Amino acid sequence: MKYRLKGGVTLSDADFGRMADEAERGEYPGTPGEWVVRPQGRPALDGGELASVTFKMTKAQRDALDRRAESRGETRSQLMREALTRELASA
């Protein structure tokens, strides 16, 4: 089975098995004191202050939105930001 991580990386069951075997042997990437896992969170978009906007949609709309975002290799938020940017640019 394949798993798509938040950062876009895809790992398989075999990848997880290999990493588990390495960890059991005490083999970890990186050197002591350095980040082994990148800091969490999305990089800033343009340096401006961010704000959350929440609204309701039907489950069918959400599912269609998720399918469209996945087909483009994007997250739901990325697709929505792009759509909003296009709409505001055409105003």
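Since this is a predicted model, take the numbers as computed values, not measurements.
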Are more than 12 heavy atoms, taken from residues, nucleotides or ligands other than R72, located less than 6.0 Å from that residue's CZ atom? yes

Any pair with a residue in residues 19-28 that passes salt bridge (Lys or Arg N to Asp or Glu O under 4.0 Å), sequence neighbours left out, goes on the list, sorted by first then second residue, please. R18-E22, R25-E27

Could you tell me if the side chain of E70 sits less than 4.5 Å from the side chain of R76, heavy atoms only? no

Are the side chain of D15 and the backbone of S12 linked by a donor-acceptor contact shorter than 3.5 Å? yes

Applying the 4.5 Å side-chain criterion to the ILVMFWY set and letting contacts propagate, would V53 and L65 be lumped into a single cluster? no

Considering only Ile, Leu, Val, Met, Phe, Trp and Tyr, and joining two whenever side-chain heavy atoms are under 4.5 Å apart, list the other residues clustered with V9. M1, Y3, L5, L11, F16, M19

Under a single-linkage definition using a 4.5 Å side-chain heavy-atom cutoff for Ile, Leu, Val, Met, Phe, Trp and Tyr, are M57 and L84 assigned to the same hydrophobic cluster? no

For the residue pair S90 and E87, what are the closest heavy atoms and their distance? OG-O, 2.9 Å

